[in-house]
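Here's the structure we're looking at; comments come further down.
Being a predicted model, the structure only gives us computed values, none of them experimental. Sequential numbering from 1 along the given sequence is applied to the chain's residues.
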Amino acid sequence: MNRPAPCETYPVVIAGAGPTGVTAATLMGHYGIRCLVLDRWDGVYPQPRAVHLDDEIYRILAELGLADEFAAISRASQGLRLVDRNLQVLAEFDRGGAQGRHGHPRANMFDQPDLEHLLRTNLKDQPSVTVRGNAEVTDVTQDGHGRVRVDFTDRVTGAHESVLATYVLGCDGANSVVRSSIGARMEDLHFEQRWLVVDVATSTDLDQWEGVHQVCDAARAATYMRIGETRYRWEFQLLPGETADDFASLQALLPMIQPWVKGTAISYLELVRVAEYTFRAQVADRWRDGHVFVLGDAAHLTPPFIGQGMGAGLRDAMNLSWKIAGVLVGDLPESVLETYEAERKPHARALIRIAKLMGVLMTQGGRAGDTARGVLAPRLRYIPGMRSKILDSETPALARTALVRRSRLRRSPAGRLAPNAVISDGRRFDQTVGHRFAVISAQPLTASQRSLLTSRGAVAVEAPVGSPLHAWLTHNRMTAALVRPDRTVMLASRDVAAVCAATPNFCPKPS
């Protein structure tokens with residue numbers, strides 16, 4: 001990798017080369033933005049962590065150009081089973097591996113190091129992006145005139161170096177130096193549980209249902225899932241006084257994993273990792289100071305019960321990157337950067353609340369809670385709309401901002417993702433639109449409207465009667481929708497001319 005000269009200036013410097021940082025860098029590269037990524041490690045962290053992502057996040061990976069590669073290292077999950085302490089099924093929500101509105105399976109299992117290798121390899125295709133490993137960021141300071149100084153230490157030589165940036169993205173994890181540099185603190189949302197995370201490899205098929213098994217037991221809640229052809233994950237809530245050291249061998253773990261591995265000799269099982277994690281719910285009190293932003297775990301920590309921790313960081317990157325690119329090239333006013341925290345923070349909070357609720361419902365309440373779950377869980381499928389709600393991977397709409405124009409008085413798709421539907425040329429919406437704004441219209445656009453959109457760098461997508469996009473607009477009682485580069489609907493209306501007129505000028509030069 002190239003080494004920056006002392007105090008070399010970059011439009012964007014990213015602290016952290018995990019999934020969030022590399023995603024942000026790749027998206028910057030798509031717009032030709034020069035970007036430096038600094039990471040304290042020289043390569044991918046080898047231990048598995050995140051194991052699940054939904055179809056919204058799969059869609060982001062496809063945006064990065066990794067749809068086929070990710071398909072090769074992942075497996076679609078069947079859904080969710082709630083089971084009692086004896087592994088008797090209380091309720092089953094079977095997705096059947098089906099594709100959702102985003103054109104990808106709605107639940108996907110994977111091994112995080114495999115995904116990170118894909119992200120890193122893919123980043124090499126972006127000539128405007130430089131990655132430097134063994135570079136530990138130690139401080140970030142702003143001069144008040146639009147420049148940010150990033151100090152870092154070369155962990156090999158011990159040398160202290162600095163670079164200047166127009167914008168800095170702190171993707172440096174839960175113990176973020178960037179977050180500390182802007183004086184932000186993590187707000188505790190009052191959830192803390194200690195869990196044991198166990199990863200096992202075996203070429204023997206354990207012959208279990210191919211979805212997530214959630215053991216609803218106040219005495220010892222647990223989760224089991226298959227994450228690859230030969231990889232399996234268990235998570236067990238730790239009891240007071242227990243530590244990971246108490247379960248450092250397969251012999252010590254066998255009593256807990258026995259229900260899933262019975263019939264498999266212990267010699268066929270390889271213990272990949274045993275680790276203790278404290279699941280927390282936290283969100284930073286502010287995500288921006290001037291030209292410095294925090295993303296991913298630096299901005300929020302989500303309990304894992306709905307599998308949205310890593311995905312939230314990728315959503316941050318998708319939301320912010322195109323806005324910074326637009327500001328850097330002069331197409332968008334700097335005020336649009338205020339929408340990042342305004343949109344992402346409430347969304348992250350909403351998902352954290354859902355994760356907390358799921359954790360409480362599945363793990364707490366003592367014996368009375370177990371009894372209630374035994375009675376209520378089998379009856380969930382009889383509640384109107386409950387099954388579809390649990391199986392639906394759609395996340396909450398973004399809050400109203402200058403870039404999400406949603407009426408308070410009537411239904412609108414603004415703030416939600418436009419469907420990645422197949423359109424008339426046989427391609428999906430995202431493939432046609434690329435990294436630009438788009439106007440979807442249920443009626444033909446005039447020549448002047450098409451000319452206006454072209455001059456502003458946008459794409460016109462007509463939705464003829466009978467097409468999925470026409471059905472989507474009709475369902476929402478709209479005629480046209482303006483879709484942002486991150487696939488979020490900015491504005492939807494029955495007035496096609498108004499939607500075209502609202503399209504911003506956005507013409508960053510793609511790589």
Between M186 and D297, what is the shortest heavy-atom contact and its length?
CE-O, 4.1 Å
Gap between atom CE of M310 and atom OG1 of T20 - 0.5 Å precision:
8.0 Å
For R220, is there an ion pair with E242 - N to carboxylate O distance below 4.0 angstrom?
yes
Using 4.0 Å as the upper bound for N to carboxylate O, is an ion pair formed by R416 and E394?
yes
Do we see a donor-acceptor contact under 3.5 Å between the side chains of E56 and T395?
yes
Is there a donor in the side chain of H347 and an acceptor in the side chain of R344, or the other way round, less than 3.5 Å apart?
yes
Can you give me the closest heavy-atom contact between V37 and A17, atom names plus distance?
CG1-CB, 3.8 Å
How about Q214 and T223: does a side-chain donor come under 3.5 Å of a side-chain acceptor?
yes
For the residue pair T401 and E343, confirm or rule out a side-chain donor-acceptor distance under 3.5 Å.
yes
What I'd like to find out is whether the side chain of E63 reaches to under 4.5 Å of the side chain of L314, using heavy atoms alone.
no
Using every non-hydrogen atom in the two residues, find where G79 and W209 come nearest and quote the distance to one decimal.
C-CH2, 3.6 Å
Electrostatic pair R231-E229, nearest N-O below 4.0 angstrom:
no
Could you label the plane-to-plane angle of the F293 and Y167 rings as parallel, tilted or perpendicular, counting under 30° as parallel and over 60° as perpendicular?
tilted
Ignoring hydrogens and angles, tell me if any N or O in the side chain of D114 forms a donor-acceptor pair with the backbone of F110 under 3.5 Å.
no
Would you please say whether a donor-acceptor pair under 3.5 Å links the side chains of D54 and Q308?
yes
Parallel under 30°, tilted from 30 to 60°, perpendicular over 60°: which one fits the rings of Y224 and Y232?
parallel
Sole residue of R487, H435, H102 in side-chain hydrogen bond (donor to acceptor under 3.5 Å, both in side chains) with D430
R487
I324 side chain reached by L169 side chain, heavy atoms, under 4.5 Å:
yes
Electrostatic pair R280-E192, nearest N-O below 4.0 angstrom:
yes
I227 and R75: which non-hydrogen atoms are nearest, and at how many Å?
C-CD, 4.0 Å
R233 side chain to V51 main-chain N or O, any donor-acceptor pair under 3.5 Å?
no
Residues D205, R226: salt bridge by 4.0 Å N-O rule:
yes
How about H117 and R120: do any of their side-chain heavy atoms sit closer than 4.5 Å?
no
Ignoring hydrogens and geometry beyond distance, is a side-chain donor-acceptor pair present between W41 and N134 at under 3.5 Å?
no
Restricting to non-hydrogen atoms, name the atom on A492 and the atom on S412 that form the minimum distance, rounded to 0.1 Å.
CB-OG, 4.2 Å
Side-chain contact test, heavy atoms from C-beta onward, threshold under 4.5 Å: evaluate it for V12 versus L36 and give yes or no.
no
Over all heavy atoms of both residues, which pair between R400 and R406 is shortest? Give the atoms and the distance, please.
NE-O, 2.5 Å
Between K323 and E338, does any side-chain N to carboxylate O distance fall below 4.0 Å?
no
Spell out, as yes or no, whether a donor-acceptor pair under 3.5 Å connects the side chain of T488 to the backbone of R484.
no
Q193 side chain to W195 side chain, donor-acceptor N/O pair below 3.5 angstrom
yes
Ignoring hydrogens and angles, tell me if any N or O in the side chain of D285 forms a donor-acceptor pair with the backbone of R185 under 3.5 Å.
yes
With a 4.5 Å cut-off on side-chain heavy atoms, are Q142 and V292 touching?
yes
